[in-house]
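Here is the structure we will look at.
Counting begins at 1 with the first residue of the sequence. Model, not experiment: these values are computed from the prediction.
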Amino acid sequence: MDRVNVGDEAPDFELRDQHGTPVRLSDLRGEKKVVLVFYPLAFSGVCTGELTKLRDGFRDAGDDVLLLAVSVDSMFALRAWSDQEKFWFPLLSDFWPHGGTAQRYGVFDEAKGLALRGTFVIDTEGVVRWRVVNAIPDARDIDEYREALAGL
């Protein structure tokens with residue numbers, strides 16, 4: 001498993017969102033800062049709490065910031081969850097190859113078959129400027145994301 005550190009170029013990927021639309025990280029270069037959030041599973045308690053906080057607290061991040069949330073769930077599960085929780089940001093399916101993107105970022109738990117709570121703030125040039133990885137049961141603090149973005 002690779003590990004992506006601050007100062008590294010963010011590994012490119014193309015994943016489908018909850019609507020089936022492909023999202024390629026490299027297409028955002030020069031346009032958007034990206035907050036890339038890996039989480040274990042849709043519909044779980046801690047993940048729902050985290051992503052609803054992002055839903056409610058990230059709308060004012062600015063037009064030049066895109067929030068991307070990634071899990072190993074299928075596109076269909078992500079669509080149902082997104083519709084239920086009214087998520088306005090893309091939920092990306094890292095379903096197949098199973099956890100391939102999470103593996104490239106170093107946040108895939110092989111034994112459990114899902115992503116750790118990894119967050120990467122990526123600048124407009126595609127460079128990782130901030131990262132944090134929490135254990136599966138440990139929720140993240142979205143104020144830390146805001147501070148990292150403010151530093152760009």
Contacts of R129 that satisfy side chain to side chain donor-acceptor pair (under 3.5 Å) - sequence neighbours left out = D123
Less than 4.5 Å apart, any side-chain heavy atom of S71 and any of P40?
-> no
The ring-ring contact (aromatic ring centres under 6.0 Å, His included) partners of H98 (sequence neighbours excluded) come to F108
Check whether any side-chain heavy atom of T119 lies under 4.5 Å from a side-chain heavy atom of R140, and answer yes or no.
-> yes
Who are the side chain to side chain donor-acceptor pair (under 3.5 Å) partners of E31, not counting sequence neighbours?
-> none
Just list the side-chain donor-acceptor pairs under 3.5 Å for residues 130-138, sequence neighbours left out, or say none.
residue, atom, partner, partner atom, Å
R131, NE, V4, O, 2.8
N134, ND2, D138, O, 3.4
N134, ND2, A139, O, 3.3

Atom pair CG/CZ of L25 and F13 - distance to nearest 0.5 Å | 4.5 Å
Close side-chain approach of L15 to V23, heavy-atom, < 4.5 Å = no
Nearest heavy-atom approach of P90 to L66 is CD-CD1, 4.2 Å
Test log, rule side chain to side chain contact (heavy atoms under 4.5 Å, CB included), inputs F87 and L51 | CA-CA 8 Å; F87 293 131; L51 270 69; 3.6 Å; yes
Just how far is it from atom CD of E85 to atom CG of L54, taken to the nearest 0.5 Å?
-> 12.5 Å
Gap separating the CZ atom of R104 from the CG atom of D12, nearest 0.5 angstrom | 8.0 Å
Approximate separation, where rounding is to 0.5 Å, of E9 CD and S26 OG | 9.5 Å
Does a side-chain N-to-carboxylate-O contact under 4.0 Å join E50 and R55?
-> no
Side chains of C47 and R117 in contact at under 4.5 Å (non-hydrogen atoms) = yes
Under the ring-ring contact (aromatic ring centres under 6.0 Å, His included) rule, what do F89 and F58 come out as? Steps first, then yes or no, please.
-> CA-CA 10 Å; F89 47 87; F58 239 78; 8.5 Å; no
Test log, rule side chain to side chain contact (heavy atoms under 4.5 Å, CB included), inputs V128 and V121 = CA-CA 6 Å; V128 175; V121 173; over 6 Å; no
Under 3.5 Å, is there a donor-acceptor pair between the side chain of D8 and the main chain of N5?
-> yes
In this structure, CZ of R16 is separated from CG of L78 (nearest 0.5 Å) by 13.5 Å
What's the verdict on side chain to side chain contact (heavy atoms under 4.5 Å, CB included) for R29 and E125, showing C-alpha distance, side-chain angles and the deciding distance?
-> CA-CA 5 Å; R29 285 199 182 144; E125 300 306 310; 6.0 Å; no
Is the closest side-chain heavy-atom distance between I122 and L36 below 4.5 Å?
-> yes
How close do A102 and D94 get, heavy atom to heavy atom, and via which atoms?
-> N-OD2, 2.9 Å
Point-to-point distance, once rounded to the nearest 0.5 Å, from CG of D109 to CG of L116 | 5.5 Å
Looking at residues at least two apart in the chain, or sitting in another chain, which of them share a side chain to side chain donor-acceptor pair (under 3.5 Å) with T52?
-> none
Are any side-chain N or O atoms of Q18 and backbone N or O atoms of L91, one a donor and one an acceptor, separated by less than 3.5 Å?
-> yes
Is L41 close to L114 at the side-chain level, that is, under 4.5 Å between some pair of heavy atoms?
-> yes
Could you go step by step and tell me if F38 and V107 meet the side chain to side chain contact (heavy atoms under 4.5 Å, CB included) rule?
-> CA-CA 8 Å; F38 290 90; V107 295; 3.7 Å; yes
Y39 (side chain) donor-acceptor with V70 (main chain) under 3.5 angstrom | no
Can you sort out the partners of D64 under side chain to side chain donor-acceptor pair (under 3.5 Å), two or more places apart, ordered by chain and number?
-> K33
Evaluate the ring planes of F43 and W81, with Trp represented by its six-membered ring, and classify them as parallel (under 30°), tilted (30 to 60°) or perpendicular (over 60°).
-> tilted
Is D17 reaching over with its side chain to a backbone N or O of T21, donor-acceptor style, under 3.5 angstrom?
-> yes
